[in-house]
Structures are given as C-alpha cells and as structure tokens.
Amino acid sequence: MSVVEFRGFGWRHAGRKAWAVRHFDLRIEHGERVLLAGASGAGKSTLLAALAGLLAEDSGEQEGEVLVDGRPARQHRAGTGIVFQDPQTQLVMSRSGDDVAFGLENRGVPRAEIWPQVDAALAAVGFPYGRDRDTAALSGGEQQRLAIAGVLVSRPGLLLLDEPTANLDPEGAQLVRAALGKALHDVDATMILVEHRFGEALTLVDRVVTLGGAQPPLVVPDRRARTAPGDVLLTAQRLALRHTGNVVDEVVRAGEALAVEGPNGAGKSTLALLLGGLTKPAAPGRVVARGEPRPPHRWRAAKLAGRIGSVFQNPEHQFVTATVRDELLLGGRDPKVVDELLTRLRLDRLALANPYTLSGGEQRRLSVATALAAAPELLILDEPTFGQDPLTWRELVELLADLRDEGRGLVIVTHDAQLVEALADRRLRLERR
C-alpha cells in the first residue's frame with residue numbers, strides 16, 4: 001500500500017526567509033495517479049523530495065507531517081522510486097545495463113532474474129543502445145530514459161516523477177509516456193507526476209492538484225526577426241560531433257536566432273559546447289570568431305564570457321557562489337544591470353538564496369541571467385525554457401527576442417517546438433546516424 005498524506009506540511013530551506021511551501025494538506029489514496037501543477041517555484045519539486053525522504057533535517061526547517069502508509073516518508077524509502085529533473089544525479093555506474101541493474105542487485109534479486117528485467121526496462125523506455133553503452137556517452141535525453149528505466153525496473157509502490165520528459169525529443173517523450181502508462185497498468189502503484197506542459201500527460205493521471213492557483217494557458221507569440229541578420233559572428237567548419245557521425249558547417253550571425261533541433265543523441269549539446277568555446281574541435285574541424293586569429297577554445301575565461309555566453313543543459317553545473325545575486329555579480333559586473341536582470345527574470349525575491357535551493361525552473365532562469373550579465377554578443381543556450389510555467393516561458397521568449405533585436409546572435413538548442421515557432425529565424429536539424 002502507498003497512501004500519501006501531507007498534514008500542514010511546510011519546508012523552508014536553510015538560510016531562506018520565504019518558505020518553499022507551507023500549510024499544505026493533501027491525501028492521495030493507494031493506486032491514484034496525480035499530476036501536480038503550478039507556477040515555477042510553487043514547491044512541486046519540494047513536495048516530491050519530501051515524499052522521497054530526501055529533505056535532510058539539517059538542510060532546512062519542516063512544519064507538519066509527510067506520511068506514506070501512516071509512517072514518516074523517510075521510513076518508506078525502499079518502496080519509493082523518484083526520477084529527478086537532472087538525470088545525472090541518478091546515474092551511478094559507467095555501463096548502462098549495470099546502472100539499471102544497480103537497484104535490483106542491492107535488493108538481492110537472483111542474478112538470473114536481473115538481466116531479463118533490465119532488458120525489459122530498457123526496451124520499455126525506448127533506450128536506443130544495448131547494456132554496454134557508456135553512460136558518459138549518452139545525451140541528456142538518453143540519460144533521462146536510462147534513469148527512468150532504473151526506477152521502473154524495481155516496480156516501486158510509490159512512483160515520483162519530476163518532469164520526466166522535459167529533456168526528451170517528441171518521439172522519446174511519447175515512448176516514455178507509453179512506457180509509464182504500461183508500467184502503471186501492470187503494477188499496483190501510486191504515482192505523482194510534476195509537469196508544466198501536461199496536455200499529453202493527462203491520459204496518465206486520475207486528477208490534477210494545482211499549487212498556487214490556476215495557471216494561464218500558453219500563448220505563443222511571433223517574435224521572429226523583422227530585419228535581415230547582420231555580420232557573421234562565428235563560423236563552424238567541419239565540426240565532428242562525437243558518437244553521432246554528424247559533421248557541421250554553419251555560420252552564426254548577429255541579429256539572428258538559430259534553432260538547433262533533432263532527436264536525443266544527435267549531438268546538439270556537443271555542438272553547443274564547441275560553438276561556445278568550451279570544447280576543442282577534433283581536427284580538421286575549427287571554429288572561427290569574427291576578428292579573432294585564435295579560436296574561442298583558446299581564449300581566456302574572462303574574454304570568452306564577454307564574447308560568447310553559454311547556458312548549459314543542466315543549470316546547476318555553472319553555479320559557483322553562495323547566493324543568486326553573487327552569481328550574477330561574479331567578475332565585477334554592473335550591480336544595476338544585475339538588479340534589472342533579477343527583476344526581469346522574477347528572481348529578485350531570491351537574490352540572497354543559495355542557487356542550489358532553487359526550483360529547476362528558477363535555476364534555469366538564473367543560468368540564463370548569468371550568461372546575460374556579461375553582455376556577450378553571442379549566446380549559446382541549451383534548452384533555455386526547461387522547467388518554465390507559461391508566464392515565465394513567455395518572459396524568457398520576450399527577453400531573448402529583445403536581445404536578438406538589439407543585434408546579438410542566438411543559438412538555441414531545444415526540443416521545445418513552441419519556442420522554435422515563436423523565436424527561430426533559421427533552423428539547423430541534426431539526425432542520429
């Protein structure tokens with residue numbers, strides 16, 4: 001049985017004045033499938049972490065109770081499976097099959113039974129490789145499929161899913177939803193799902209619980225450029241994308257938004273790192289920046305940040321300070337510009353918060369802000385709208401469009417078809433070979 005109860009629950013992260021969530025009451029019966037909806041920062045991920053028993057007592061202050069089958073949630077960890085927003089936090093082995101088998105081995109499942117279950121879980125989520133695939137060679141979306149397989153294989157009584165398809169291409173997302181639907185049909189489990197765009201996920205749930213009031217519908221604006229692009233800022237020549245077989249020749253211009261699309265594993269994030277000067281191209285490939293004899297990967301860090309700003313797929317990988325405001329002030333940036341960014345991206349109330357205590361959507365907006373604070377002429381953004389509610393999604397689109405209209409170049413790696421519709425002036429599609 002997996003009956004879930006929140007009784008007057010509240011949680012405040014250490015060092016924060018505001019509560020992540022407070023005075024929350026909810027009962028979910030065994031076997032129910034519930035969707036948690038609400039604005040970015042409303043506390044959805046905090047509720048899942050509480051149910052998974054992952055809120056350490058020394059990391060914040062708790063009010064009320066969180067119970068699973070009448071016991072504190074921390075005592076129910078063995079029967080709970082959770083899939084996080086960032087799959088890298090869940091992968092523990094270097095070989096894909098071993099990663100999925102890890103939980104079964106810890107539970108003492110006979111070896112003869114482990115591998116058939118592993119293979120079935122990998123197939124269920126549409127994992128495109130065999131057991132031997134190196135987890136470090138997987139794209140973010142492929143890592144997410146592997147993480148979901150690792151949770152489903154143990155058949156948990158309580159399944160918690162924090163935006164499980166956010167980093168997946170449309171085909172992969174549909175495969176995962178189908179796998180979840182089949183898994184839930186075959187097991188007697190309670191499921192709680194967090195999603196911002198939940199139209200396709202409604203078939204998986206019995207009811208929707210909204211935190212913080214109803215959300216407005218997503219309205220897609222037309223913010224494509226009204227003028228011709230300017231000078232070439234960056235030229236990519238014969239860039240080989242490892243593990244994919246793709247080779248890219250491309251130019252990036254001022255005043256233009258270039259969308260990079262394609263399935264998981266096609267090399268989109270690898271291309272973003274190469275264009276951003278964060279990875280050295282393999283010969284004979286090279287990246288040439290306007291007016292520069294040396295390639296970007298050989299520039300000093302301060303120069304690179306001032307010319308090319310990068311936003312990684314996993315935002316927490318680029319945080320290095322203890323507060324949101326300090327993250328933006330890093331490198332002697334203009335405090336006035338920093339405060340304007342905080343306000344525009346709805347982070348001003350979180351200025352003194354630790355970046356690692358933010359929600360996934362808030363972390364994404366902070367990672368965009370850190371790139372913008374240096375006022376680069378070119379922005380490379382990997383899934384910039386991940387984890388955003390309709391309001392913050394629209395604000396990000398408007399902000400990026402304004403930057404493009406001011407003459408900056410944008411390269412946007414994304415699975416977000418509505419973002420492409422709203423903003424892309426040109427498209428580059430990569431295929432998995």
Side-chain angles (χ1 to χ4, degrees), residues 139-141 167 225 229-315 317-318 364 367-368 370-386 400 403-404 407-416 419-420 423-433:
S139 71
N167 281 331
D231 296 338
V232 172
L233 300 177
L234 208 66
T235 301
Q237 301 173 345
R238 303 295 297 166
L239 292 186
L241 308 183
R242 60 188 179 90
H243 308 305
T244 72
N246 283 317
V247 178
V248 173
D249 290 282
E250 189 58 79
V251 295
V252 181
R253 295 180 173 88
E256 182 180 59
L258 172 65
V260 181
E261 303 175 277
N264 295 117
K268 302 183 300 299
S269 293
T270 300
L271 178 61
L273 293 173
L274 290 166
L275 294 178
L278 301 172
T279 302
K280 178 182 178 181
R286 64 180 189 147
V287 176
V288 180
R290 179 179 64 174
E292 292 289 343
R294 304 174 71 197
H297 75 270
R298 296 182 60 189
W299 297 352
R300 292 185 180 273
K303 179 179 179 178
L304 183 63
R307 290 281 303 273
I308 305 174
S310 290
V311 176
F312 303 140
Q313 189 176 66
N314 297 313
H317 291 181
Q318 61 196 96
R364 168 54 72 214
S367 67
V368 172
T370 58
L372 295 181
E377 65 181 14
L378 174 61
L379 278 167
I380 314 291
L381 305 113
D382 197 342
E383 299 289 358
T385 53
F386 168 81
L400 294 174
L403 293 168
R404 186 269 322 280
R408 290 182 173 87
L410 305 179
V411 177
I412 304 171
V413 172
T414 186
H415 291 305
D416 186 344
L419 174 62
V420 174
L423 191 60
D425 306 310
R426 198 160 52 86
R427 303 181 183 189
L428 168 65
R429 183 166 182 87
L430 302 177
E431 299 293 348
R432 187 171 57 231
R433 299 179 185 276

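- Under the 3.5 Å distance criterion, the side-chain polar atoms of K268 are matched with a main-chain donor or acceptor of P263.
- In terms of heavy atoms, E250 sits closest to L258 at CG-CD2, 3.9 Å.
- Side chain of Q318 to backbone of F312: a donor-acceptor contact under 3.5 angstrom is found.
- Inter-residue side-chain proximity for L234 and I308 is flagged as met; some heavy-atom pair is nearer than 4.5 Å.
- Counting all heavy atoms, side chain and backbone alike, P384 lies closest to L419 at CG-CD2, 4.0 Å.
- The local environment of CZ in R286 is sparse, with at most 12 non-hydrogen atoms from other residues, nucleotides or ligands closer than 6.0 Å.
- Taking CG from L271 and OG1 from T279, the interatomic distance works out to 10.5 Å, rounded to the nearest 0.5 Å.
- In this structure the side chain of L428 never reaches within 4.5 angstrom of the side chain of V411, judged on heavy atoms.
- For R429, the CZ atom counts as densely surrounded, since its 6.0 Å shell holds more than 12 non-hydrogen atoms of other residues, nucleotides or ligands.
- Smallest separation of non-hydrogen atoms from S367 and T370: O-OG1, 2.7 Å.
- Between I380 and V252 the shortest side-chain heavy-atom distance does not fall below 4.5 Å.
- In this structure, T270 and T244 have side chains that are not in contact, with every pair of non-hydrogen atoms separated by 4.5 Å or more.
- Side chains of R364 and V311 form a contact here, defined as non-hydrogen atoms less than 4.5 Å apart.
- Here the straight-line distance linking atom CG of L430 with atom CD of E261 works out to 9.5 Å at 0.5 Å rounding.
- Here the CG-CZ distance, from L233 to R307, works out to 8.0 Å after rounding to the nearest 0.5 Å.
- The shortest side-chain heavy-atom distance between D382 and L273 does not fall under the 4.5 Å cut-off.
- Of all non-hydrogen atoms in A305 and P376, the two that sit nearest each other are O-CB, 3.8 Å.
- In this structure, CG in N246 is found 11.5 Å from CG in L239, a value given to the nearest 0.5 Å.
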Go through it in stages, so that I can follow the logic: the residues are K303 and E292, the test is side-chain contact (heavy atoms from CB on, under 4.5 Å), and I'd like the CA-CA distance, side-chain angles, deciding distance and then a yes or no. CA-CA 12 Å; K303 179 179 179 178; E292 292 289 343; 2.8 Å; yes
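- When every heavy atom of A272 is checked against every heavy atom of V413, the shortest pair comes out as CB-CG2, 4.1 Å.
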Between D425 and R253, does a salt bridge (charged side-chain N to carboxylate O under 4.0 Å, His left out) hold up when you go through it step by step? CA-CA 11 Å; D425 306 310; R253 295 180 173 88; over 6 Å; no
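- Going from atom CG of L403 over to atom CD of E377 covers 13.0 Å, rounded to the nearest 0.5 Å.
- In this structure a side-chain-to-backbone donor-acceptor pair under 3.5 Å is present from R432 to N264.
- In this structure, the separation between CD1 on I412 and CZ on R427 is 11.5 Å, given to the nearest 0.5 Å.
- Closest approach of L304 and G276 over heavy atoms only: CD1-O, 3.4 Å.
- A 4.5 Å side-chain heavy-atom check between L381 and L400 finds at least one atom pair inside the cut-off.
- With hydrogens and angles ignored, the 3.5 Å screen pairs no side-chain donor or acceptor of D416 with any backbone N or O of F386.
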